[in-house]
A.B. asks: 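The structure under discussion is supplied below as structure tokens; questions concerning it will follow.
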Amino acid sequence: MVAVAQVTQARQSTRVGLHPEVEALPREELERLQLQRLQASLCDAWDHVPWHRERLRNAGLAQPQDLRSLADLQRLPFTVKNDLRDHYPFGLFARPIEQLARVHASSGTTGKPTVVGYTAQDLSNWADLMARSLYAAGARRGDIVHNAYGYGLFTGGLGAHDGATRLGAPVVPVSGGATERQVTLIMDFGARVLCATPSYALAIAEVAEQQGVDLRKSALRVGLFGAEPWSEAMRREIEARIGLRAADIYGLSEIMGPGVACECEARNGLHGWEDHFLFEVIDPDSGAALPEGQAGELVITTLTKEALPMLRYRTRDITRLERAPCACGRTHARILRVTGRNDDMLIIRGVNVYPSQIEAVLVGRPGIAPHYQIVLERHGALDQVSLEVEALPAFAADDYPRLATDVAHHIKSLIGISADVSVMSPGTIARSQGKAVRVRDLRPK
Ligand code: DLL
């Protein structure tokens, strides 16, 4: 009895988040729940997706019940993006079409799109997790949410939309584009929460400044920015120019969409919602699990997805996991800021570089605007990297060579690569309305 009373008391004193009964669940209980759900999800995948069944058998499972502990997860094979493409469009779905409520797809640069599906229950869980994420970032019931994530096949728009609705927050479903109008709507409607990619948030800030509108005087207080890698320097820039608290939100369509993980107000990593997902970090080369805290590729297993269960999905995203308690009282693991994708890593004369590292050097540099492009070319056998950056309007063309030298110097000293830097006049570099394209690869295919 005493033990039960103590647990109840401990839970009451750590009431945090929109779903305190799960967000602050003691780790042993969380893991018990995860194992139950993993076993159920594995049975589901076994029964309804022949491809999973065959692969699980090949991995030595005679029946799904052979998975007895979370550690047994290591015995299961990985799933990769190409597996979805190979079964285009619905081959890995565990539910017949008539039980689906929605599909989304991501285009990718080559080949067939990746198609993902949701039952009504999946959509409801997603809305819960997105509402939980909005709340963790500081949004509350009744706040107007200006949702500038793209609506359509991309999961950003509808994902954030349903989450805001679940939270009880009215949504302005503006999607991306028509940036002048976005500024007007933010000011006129008094939005308190802004959802957008970080690069588009910056584009909105820039257009507002050009219109003579001070967004810092708007009602905006909270931003949920994600769908692409961004840096701490970019966070400071966005916060200073819009006057809000910017939270990092992570997700991917293969697993759900936005709201797989989100920062809380402690901003010490993104809480990955462990009652619905299992997170691992592996060595991208060997596939071996890495100890907590070590950087590697994030691998996610879904625990409750009905339409498209995912077993050990290799995200290609590079990050670290922390399970130490968070100051906010949530017990769910924290995924540290995703620096970039494995596929986006550039190897420049032997140095591994992510575009977000270059961003961190550029943003806030005197005279330089936070817009940039990395251009890859091939000269003979050698890959050549150049960097296009923009000057701030107050600087004259005469200043550009000096600014270029300053940027090249800081790139060299902070990242260790020699880049050929061109400073261009304001507005030259294309602005994004969704995910920014940071790298222009002109190398022959
Ligand atoms: O980008 C879902 C999303 C929408 C997340 C809105 C957050 C906000 P996909 O189009 O499938 O889904 O792209 C997923 O985007 O594997 C990462 O490489 C990248 N990504 C997403 N969020 C972040 C983030 C959506 N906060 C891919 N930081 C992922 C860094 C991110 N990269």
Side-chain angles (χ1 to χ4, degrees), residues 79-81 84-85 103-109 113-118 126 129-130 132-134 136-137 139 145 147-164 175-176 193-201 223-232 234-235 238 246-263 267 269-273 277 279 281 284 295 297-300 302 308 310 313-320 334-345 354-357 359-360 432-439:
T79 307
V80 296
K81 199 179 187 84
L84 281 155
R85 292 216 179 97
V103 292
H104 279 280
S106 69
S107 52
T109 42
T114 317
V115 182
V116 297
Y118 307 79
W126 183 10
L129 293 186
M130 189 61 217
R132 193 192 282 181
S133 300
L134 280 155
V145 176
N147 186 15
Y149 282 122
Y151 281 65
L153 288 177
F154 174 53
T155 53
L158 285 167
H161 183 108
D162 288 349
S175 195
V193 180
L194 174 63
C195 294
T197 59
S199 56
Y200 192 51
L224 284 96
F225 304 123
E228 63 186 9
W230 55 308
S231 57
E232 280 304 315
M234 183 69 106
R235 171 162 23 216
I238 292 173
D248 191 0
I249 177 160
Y250 171 82
L252 61 167
S253 48
E254 293 87 344
I255 295 302
M256 183 178 81
V260 171
C262 187
E263 274 180 333
R267 307 210 298 194
L270 293 74
H271 289 284
W273 304 125
F277 310 109
F279 299 96
V281 169
E297 181 180 339
L298 183 66
V299 171
I300 309 179
T302 61
L308 185 58
M310 257 325 154
Y313 183 73
R314 288 188 64 157
T315 64
R316 317 291 292 170
D317 293 323
I318 301 300
T319 183
R320 290 184 285 134
R334 282 164 293 135
I335 296 169
L336 299 194
R337 184 183 277 286
V338 170
T339 34
R341 296 174 60 74
N342 239 355
D343 342 320
D344 292 344
M345 191 181 76
Y354 289 102
S356 61
Q357 286 173 276
E359 174 182 299
S432 91
Q433 296 184 350
K435 291 179 191 260
V437 180
R438 301 299 193 189
V439 179

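This structure is a prediction, so every number in the text was calculated from the model and none was measured. Each ligand, and each atom within it, is numbered from 1 in the order the structure gives.
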A.B. asks: Does an N or O anywhere in G156 fall below 3.5 Å from an N or O of ligand 1?
C.D. replies: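 No; every N/O pair is 3.5 Å or more apart.
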
A.B. asks: If you measure every N or O of T315 against every N or O of ligand 1, does any of those distances drop under 3.5 Å?
C.D. replies: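 T315 vs ligand 1: no N/O contact under 3.5 Å.
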
A.B. asks: Specify the closest pair of heavy atoms between I335 and L298, including all atoms of both residues, with the distance to one decimal.
C.D. replies: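 In terms of heavy atoms, the two residues are closest at CD1-CD2, 4.2 Å.
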
A.B. asks: Just which atoms of ligand 1 are under 4.0 Å from any heavy atom in P258?
C.D. replies: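 In order of numbering, the contacting atoms are 2 (C), 3 (C), 4 (C), 5 (C), 6 (C), 7 (C), 8 (C).
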
A.B. asks: Is any N or O atom of D248, backbone or side chain, closer than 3.5 Å to an N or O atom of ligand 1?
C.D. replies: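 Checking ligand 1 against D248, an N or O pair does fall under 3.5 Å apart.
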
A.B. asks: Can you figure out which of L252, L224, I300, D317 has its heavy atom closest to atom 16 (O) of ligand 1?
C.D. replies: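 Considering heavy atoms of L252, L224, I300, D317, the nearest to atom 16 (O) of ligand 1 sits in D317.
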
A.B. asks: Any N/O of K435 closer than 3.5 Å to an N/O of ligand 1?
C.D. replies: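 N/O-N/O distance below 3.5 Å exists for this pair.
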
A.B. asks: Would you check if the side chain of Y354 reaches a backbone N or O of M345 as a donor-acceptor pair within less than 3.5 Å?
C.D. replies: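 Judged by distance alone, no pair lies under 3.5 Å.
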
A.B. asks: Taking R337 for its side chain and P229 for its backbone only, find out whether a donor-acceptor pair lies under 3.5 Å.
C.D. replies: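 Between the backbone of P229 and the side chain of R337 there is no qualifying donor-acceptor contact (under 3.5 Å).
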
A.B. asks: Mark yes or no for whether Y149, through its side chain, and T155, through its backbone, hold a donor-acceptor pair below 3.5 Å.
C.D. replies: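 Side chain of Y149 to backbone of T155: no pair is present.
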
A.B. asks: If you measure only the distance, is there a donor-acceptor pair under 3.5 Å linking the side chains of W126 and D162?
C.D. replies: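 D162 and W126 do not have a side-chain donor-acceptor pair below 3.5 Å.
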
A.B. asks: Are any of the N/O atoms in W230 less than 3.5 Å from those in ligand 1?
C.D. replies: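 No, there is no polar N/O contact under 3.5 Å.
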
A.B. asks: When you measure from the side chain of E263 to the backbone N and O of D248, does any donor-acceptor pair fall under 3.5 Å?
C.D. replies: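 Judged by distance alone, yes, a pair lies under 3.5 Å.
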
A.B. asks: Quick one: which ligand 1 atoms are inside 4.0 Å of a heavy atom on T155?
C.D. replies: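 Listed by number with element: 2 (C), 12 (O).
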
A.B. asks: Considering both backbone and side-chain atoms of I249, is one of its nitrogen or oxygen atoms within less than 3.5 Å of a nitrogen or oxygen in ligand 1?
C.D. replies: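 There is such a contact, yes.
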
A.B. asks: Numbering the atoms of ligand 1 from 1, which are under 4.0 Å from a heavy atom of F154?
C.D. replies: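 Those atoms are 1 (O), 4 (C), 10 (O), 25 (C).
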
A.B. asks: Is R314 atom CZ crowded by more than 12 heavy atoms from other residues, nucleotides or ligands, each under 6.0 Å away?
C.D. replies: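 It does: R314 CZ has more than 12 such atoms within range.
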
A.B. asks: Check whether any side-chain N or O of T197 sits under 3.5 Å from a backbone N or O of G434 as a donor-acceptor pair, and report yes or no.
C.D. replies: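 Pair found, side chain donor or acceptor close to backbone of G434.
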
A.B. asks: Where's the contact between S253 and ligand 1, heavy-atom distance under 4.0 Å: side chain, backbone, both or neither?
C.D. replies: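 Both of them.
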
